[in-house]
Amino acid sequence: MSETAPHASEPTSASHRPQPAVIAREARPDGWWKKAVVYQIYPRSFADSDGDGVGDLRGIIGRLDYLKELGVDVVWLSPVYRSPQDDNGYDISDYQDVDPLFGTLADMDDLIAGLHERGMKIMMDLVVNHTSDEHPWFRESRDALSPRGDWYIWRPVREGFEAGEPGAEPTNWRSAFSGPAWQYDQHRGEYYLHLFSVKQPDLNWENPEVRRAVYDMMRWWVDRGVDGFRMDVINFISKRYPLTDGATAPGETLSSDVRGFVDGPRMDEFFQEMHRAVMEGENLITVGEMPGVTLEKAASYTDEANHEIAMVFQFEHVGLDSSPGEGKWALKPLEWRDLKENFARWENGLEGRGWNSLYWNNHDQPRIVSRWGDDSTEYRVASAKTLGTVLHLLKGTPYVYQGEEIGMTNAHFTSIHQYQDIEVRNYYRDAMAHGADEKSLLASFAAKSRDNARTPMQWDDGENAGFSTGTPWLEVNPNHRQINAEQALADPDSVFHHYRRLIELRHSEPVVQEGVFALLAPEDPQVFAYTRTLGDRRLLVVANMSSRPAEIPADVPEVEGRVLLTTHPDAGGRTLAAWESRVVELG
Ligand code: NOJ
């Protein structure tokens with residue numbers, strides 16, 4: 001920090017602080033993000049520097065050398081803006097400040113500088129489908145005649161109904177966090193739309209002033225040195241007007257039909273406008289989180305010729321272990337055939353036109369080693385490595401979610417009192433009121449709840465896993481005694497060092513970056529095999545996705561060649577050990 005900068009503990013405001021230098025243009029060459037690996041930090045659970053039990057920016061700053069050693073290129077930071085924390089920061093009350101829970105703007109500047117000094121970049125979370133209900137914009141909007149009266153989506157009480165009674169909502173839409181997606185506001189005498197919690201009102205993107213305010217805020221962060229944005233539920237911002245009731249399942253009054261707000265008619269226009277206002281000439285990494293997006297839409301949003309966004313972050317593969325149409329809690333075992341087919345559809349469908357994010361985990365998904373791997377003592381390491389291999393060798397930009405690189409497992413919570421997440425708590429409250437079976441609810445939560453990903457990062461085998469000296473906001477997984485970063489760094493055969501090698505391969509091998517994908521043996525339920533081809537170079541990835549040995553099927557004819565990476569160095573031939581994977585250069 002320069003001598004003229006205020007001390008970190010002094011109150012700071014944007015206008016009092018010298019702005020860090022804008023990052024040099026050449027630091028972001030064309031298409032750099034196609035060769036990059038992203039690491040996601042969920043700040044509240046990463047590292048706590050001040051002992052209040054919640055992770056913070058200074059905690060992250062203290063761990064940058066760990067990220068450097070792993071070799072990742074970009075850090076995606078989940079929200080640290082000012083927020084009442086109703087949805088852990090995805091409810092923002094000031095986009096241009098840091099919540100005191102996490103630190104200060106000065107800490108943020110230091111984090112940006114610390115990453116850039118180490119050759120890494122930073123991507124902020126951009127949550128602009130909605131704000132917090134405590135944002136000054138929303139407060140003002142509660143007065144219909146104020147200049148911001150039209151900044152949110154307000155509608156009168158449904159005709160023939162009294163305000164507040166069931167059915168009086170302007171449409172029958174269900175909120176992602178249970179109950180109706182509309183809340184009556186006494187002061188204004190109207191309902192506002194909230195696709196997420198009642199404290200997350202949806203912004204009205206039809207209003208050009210709203211869009212301008214968002215772009216100005218994005219520019220402010222770009223000028224501060226950030227390298228891009230991960231855009232929260234961004235394909236929900238263009239609603240389909242007029243807003244009308246959605247289809248309902250038999251016996252239900254609320255609708256989970258998303259057609260009124262997913263991929264609405266003005267998406268391309270909004271992205272292109274945002275591109276002109278913020279992204280032009282900057283080569284930012286821009287990632288659209290897009291639940292329910294179709295392959296065709298994803299291809300057009302990310303086609304460079306359209307000047308919209310760099311890549312899509314979509315959810316089809318992580319929906320394959322839920323019963324279709326019944327929501328995420330209706331558990332169904334994964335069929336590897338379905339997953340292989342799904343990956344192939346996206347790889348082939350985007351080839352030469354669009355760009356995908358490759359991920360198993362994020363802060364909304366359970367831990368992959370518990371979900372589709374085997375988190376037993378015997379197979380945790382091998383299955384975590386092999387899951388990493390089959391994902392990281394695909395075409396797209398890989399994401400590593402904190403703790404994935406050491407094979408962290410699900411939380412294995414057994415009581416509702418252990419959960420903190422608003423999604424689970426609301427769902428439990430409503431389901432129990434409707435006579436649900438608690439045991440089966442808890443089984444679904446243990447398998448799929450978002451808190452599985454949010455238990456504190458396991459740094460060492462000491463108290464609170466080295467995450468905090470205070471009481472962690474969410475229970476630390478007791479398996480930190482065996483599974484932790486210190487142990488993983490010291491063991492050359494750890495999941496960490498396997499991920500490090502996968503990241504190296506992405507950096508050093510053009511065929512990993514650009515090679516064309518082809519699925520082999522699509523019908524095999526156990527073996528996942530594919531090739532990547534670039535010019536005369538051809539890589540084979542072959543993996544046993546099970547805890548039993550497997551024979552490589554006959555429709556994978558060639559398996560011999562130079563081995564670039566393997567989980568089982570002494571193995572070979574056509575038999576794969578449980579969770580064995582190999583990356584082989586053929587020919
Ligand atoms: C998607 C985010 O990833 C999730 O954590 C959040 O709850 C919703 N969007 C609402 O912002």
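Counting starts at 1 for both ligands and their atoms, following the listed order.
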Ligand-residue contact atoms, ligand 1 with His130, heavy atoms, under 4.0 Å: 10 (C), 11 (O)
Proximity of Phe177 to ligand 1 by residue part, where a heavy atom lies under 4.0 Å: side chain
ring-ring contact (aromatic ring centres under 6.0 Å, His included) involving Trp372 - partner list, sequence neighbours excluded: Trp360
Trp459 and Tyr66 aromatic centres sub-6.0 Å: yes
Numbered atoms and elements of ligand 1 in range of Glu289, under 4.0 angstrom, heavy atoms: 1 (C), 3 (O)
Partner set under ring-ring contact (aromatic ring centres under 6.0 Å, His included) for Tyr184, not counting sequence neighbours: Tyr191
Parallel, tilted or perpendicular, as decided by the 30° and 60° cut-offs, for the rings of His363 and Tyr90: parallel
Under 4.0 Å to a heavy atom of Asp364 - the qualifying atoms of ligand 1, by number: 1 (C), 2 (C), 3 (O), 4 (C), 5 (O)
Nearest neighbour in protein (non-hydrogen) for atom 8 (C) of ligand 1: Phe196 CE2, 3.8 Å
Result of checking Trp151, Tyr152, Tyr95 against His135 for ring-ring contact (aromatic ring centres under 6.0 Å, His included): Tyr95
Residue and atom name of the nearest protein heavy atom (relative to atom 6 (C) of ligand 1), distance in Å to one decimal: Asp87 OD2, 3.3 Å
Identified ring-ring contact (aromatic ring centres under 6.0 Å, His included) partner of Tyr359 from the options Tyr39, Phe343, Phe313, Tyr399: Phe313
Pair Asp56, Ser49: side-chain N/O donor-acceptor within cut-off below 3.5 Å: yes
Heavy atom of the protein closest to atom 11 (O) of ligand 1 (residue, atom name, distance): Asp232 OD2, 2.7 Å
Arg450: numbered ligand 1 atoms lying under 4.0 Å from its heavy atoms: 4 (C), 5 (O), 6 (C), 7 (O)
Heavy-atom gap Arg230 to ligand 1 smaller than 4.0 Å: yes
Ligand 1 contacted by Glu423 (non-hydrogen, < 4.0 Å): no
